[in-house]
Amino acid sequence: MGENESRFRLVNERVRDLVIDDAERHGEHPDSVSVVCECGDVDCTAKIDISLSTYEWVRSGAARFIVVPGHEIADSERILRQGDGYAIVEKVGDARAAASELDPRTN
């Protein structure tokens with residue numbers, strides 16, 4: 001499950017980079033990005049629209065993930081913040097260590 005979550009996080013990092021690169025080519029600065037839910041369900045295809053500043057805040061913590069409300073895992077995550085169509089969760093315990101180890105911004 002942790003590997004699936006980390007793969008989704010890596011996909012979102014690539015999407016973010018593409019959105020920023022495309023906007024900069026047109027002399028623009030994007031305010032938001034559409035990302036995929038970073039839950040552990042390999043069949044989840046939910047998309048989340050989130051401000052770029054909120055996305056960057058999530059990525060500033062190696063144990064943070066963006067999920068659709070209801071996709072939280074109570075025994076390994078705590079909800080930090082909720083917005084319109086998303087929840088920001090932070091891993092706890094062993095899941096926190098695994099998430100930090102697989103963080104694309106530190107590896």
Checklist entry - What distance do Ser34 atom OG and Arg16 atom CZ have between them, rounded to the nearest 0.5 Å? => result 14.5 Å

Item to check | ILVMFWY clustering at 4.5 Å (side-chain atoms), partners of Tyr55 | outcome: Phe8, Val11, Val15, Val19, Ile20, Val33, Val35, Val36, Ile48, Ile50, Leu52, Trp57, Val58, Ile66, Val68, Leu80, Tyr86, Ile88

Checklist outcome for this item: Nearest heavy-atom approach of His71 to Cys39 is ND1-SG, 3.4 Å

Item to check | Exam field: side chain Arg9 to backbone Ala62, donor-acceptor pair closer than 3.5 Å | outcome: yes

Checklist entry - Listed by chain and number, what are the salt bridge (charged side-chain N to carboxylate O under 4.0 Å, His left out) partners of Glu13, not counting sequence neighbours? => result Arg105

Next on the checklist: For Ala87 versus Glu72, what's the shortest heavy-atom pair and its separation?
Outcome noted: CB-OE2, 3.5 Å

Checklist entry - Around Asp84, counting heavy atoms of other residues, nucleotides and ligands shown, do more than 12 lie under 6.0 Å from its CG? => result no

Checklist entry - Got Lys91 and Ile73 here, is their nearest side-chain heavy-atom distance under 4.5 Å? => result yes

Item to check | hydrophobic_cluster_shared for Val92 and Ile79, side chain cutoff 4.5 Å | outcome: no

Checklist entry - Within a strict 4.5 Å, meaning less than it, do heavy atoms of the Ser32 and Asp49 side chains meet? => result no

Item to check | Residues Asp22 and Arg25 bridged, charged N to O under 4.0 Å | outcome: yes

Checklist outcome for this item: Sequence neighbours excluded, the answer for side-chain hydrogen bond (donor to acceptor under 3.5 Å, both in side chains) partners of Glu90 is Arg78, Arg96

